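First listed ligand is number 1; within each ligand, the first listed atom is number 1. The structure presented is a predicted model; accordingly, all values stated were derived computationally and were not measured.
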Amino acid sequence: MFNNDLKAFFADKETPFYYYDMKLLEQTLDTCASAADKRGFHVHYALKANFNDRILQLIQAKGFGADCVSGNEVKKSIDMGFDPGKITFAGVGKSDKEIRYALSHGIFAFNVESIQEMEVINDLAREAGQIANVSLRINPNVDAQTHHYITTGLDENKFGIPNSELEKSAAVLRNATNLKLVGLHFHIGSQITDLNVFKSLCVKVNEWKNWFEERGTTISVLNVGGGLGVDYKNPDGNAIADFEAYFDIFDKFLERNANQEVHFELGRALVAQCGSLVSRVLYTKNGVKKHFLILDAGMTELMRPALYQAYHKIEKVGSGEQATINYDVVGPICESSDCFGKEVPLPISQRGDLIAIRTAGAYGEVMASNYNLREEIRYIYSDQL
Ligand SMILES: *Cc1c(COP(=O)(O)O)cnc(C)c1O
């Protein structure tokens with residue numbers, strides 16, 4: 001993908017920058033939307049994966065809803081034209097100000113994560129003379145088989161309402177004058193590549209759905225969250241996640257009633273592969289045990305390797321060279337964790353060469369910081385070519 005045409009296009013550009021392949025993004029969105037539509041599924045895009053304006057514009061234009069985890073994300077999605085009737089608002093720590101803001105815009109649903117939060121939303125809705133739609137976020141205790149920092153559905157995690165509190169939650173809901181239960185919500189983690197995990201999730205969703213229905217509670221929406229993983233090892237071979245196989249699992253294993261809607265909240269799978277971080281080699285250094293490539297991008301532009309020891313494929317921009325040396329590819333930040341990859345096979349490189357760090361469209365630009373007083377993040381879109 002990062003051929004000599006791109007190398008020429010990048011030659012006079014200031015680095016580092018995020019490069020977004022808008023055509024790949026569009027193909028990914030179309031593939032996901034058609035696989036979801038076919039089954040009558042609804043997809044909300046999880047803004048926290050990437051809230052770059054151009055990316056949001058395209059996702060909004062394709063008719064996706066929005067999944068938000070802060071008041072500012074709710075505001076951003078409304079500003080970008082997302083239909084408030086398709087906005088969900090999750091998160092364990094919604095402030096009163098954020099709740100009031102979302103209430104005033106009539107969002108689709110709050111995904112509530114504790115009994116106390118339900119009581120607060122009920123009070124604030126009463127003050128505003130409104131009824132708040134809520135989905136109960138249930139912690140199903142399903143192991144997502146992913147990195148422990150991005151696992152959210154186990155008993156030890158802070159997210160959702162634990163099984164032991166569901167009886168009480170149902171009672172609080174029955175007595176809450178200004179809450180309307182629309183559905184159940186589950187989100188068990190991110191970068192899930194074993195589809196059997198989603199099968200286990202379906203089993204739990206069915207159990208909880210039955211539990212509520214046996215108690216005479218109508219559940220209109222089953223929101224099964226996001227978490228579908230992408231192929232970090234082979235971004236060109238598997239540029240688009242297998243949405244058909246993913247949705248098929250839910251189609252087969254969720255026991256939905258007539259008129260019961262199934263909602264998803266996908267982030268990473270929609271945007272990860274369209275983005276790459278492009279950087280220049282500042283220096284090469286031969287250490288006692290290592291060859292280092294020192295880039296002008298660091299953990300301040302892409303934090304995932306430092307934060308979760310995440311793997312990203314690293315390539316030299318431009319084609320035709322054979323891999324000859326193993327480099328530790330590092331950034332300029334004053335932290336030893338500021339390393340994009342160890343012993344990465346790359347063509348012999350020198351000062352000024354361009355390096356692409358792939359699959360950086362999700363949880364990349366959004367996590368950038370100005371630690372070390374770094375410059376603001378730059379980006380280039382493929383349609384500027
Ligand atoms: C982060 C998040 C998502 C999106 O997760 P991905 O792994 O990026 O698909 C969905 N729902 C909630 C509640 C989240 O916090």
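Inspection of the Gln191 and Tyr308 side chains reveals no N or O donor paired with an N or O acceptor under 3.5 Å.
Separating the CD atom in Glu14 from the CD atom in Glu375 is a distance of 6.0 Å, to the nearest 0.5 Å.
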Which atom pairs, one a donor and one an acceptor, fall under 3.5 Å between side chains of residues 55-67 and the rest of the protein, sequence neighbours left out?
residue: Lys62; atom: NZ; partner: Glu26; partner atom: OE2; Å: 2.8
residue: Lys62; atom: NZ; partner: Asp30; partner atom: OD1; Å: 3.0
residue: Asp67; atom: OD1; partner: Thr88; partner atom: OG1; Å: 3.0

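Applying the salt bridge (charged side-chain N to carboxylate O under 4.0 Å, His left out) rule to Asp53 yields the partners Lys76; only residues at least two apart in sequence or on another chain are considered. Take Glu261 and apply the side-chain contact (heavy atoms from CB on, under 4.5 Å) test, not counting sequence neighbours, and it matches His42, Val221, His263.
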Report each N/O pair between ligand 1 and the protein that falls under 3.5 Å, naming both atoms.
residue: ligand 1; atom: 7 (O); partner: Ser190; partner atom: OG; Å: 2.3
residue: ligand 1; atom: 7 (O); partner: Gly227; partner atom: N; Å: 3.4
residue: ligand 1; atom: 8 (O); partner: Arg268; partner atom: N; Å: 2.8
residue: ligand 1; atom: 8 (O); partner: Tyr363; partner atom: OH; Å: 2.6
residue: ligand 1; atom: 9 (O); partner: Gly227; partner atom: N; Å: 2.9
residue: ligand 1; atom: 9 (O); partner: Gly267; partner atom: N; Å: 3.0
residue: ligand 1; atom: 11 (N); partner: Asp67; partner atom: OD2; Å: 3.2
residue: ligand 1; atom: 11 (N); partner: Glu265; partner atom: OE1; Å: 2.7
residue: ligand 1; atom: 15 (O); partner: Lys48; partner atom: NZ; Å: 2.7

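No side-chain donor-acceptor contact under 3.5 Å links Asp123 to the backbone of Arg126.
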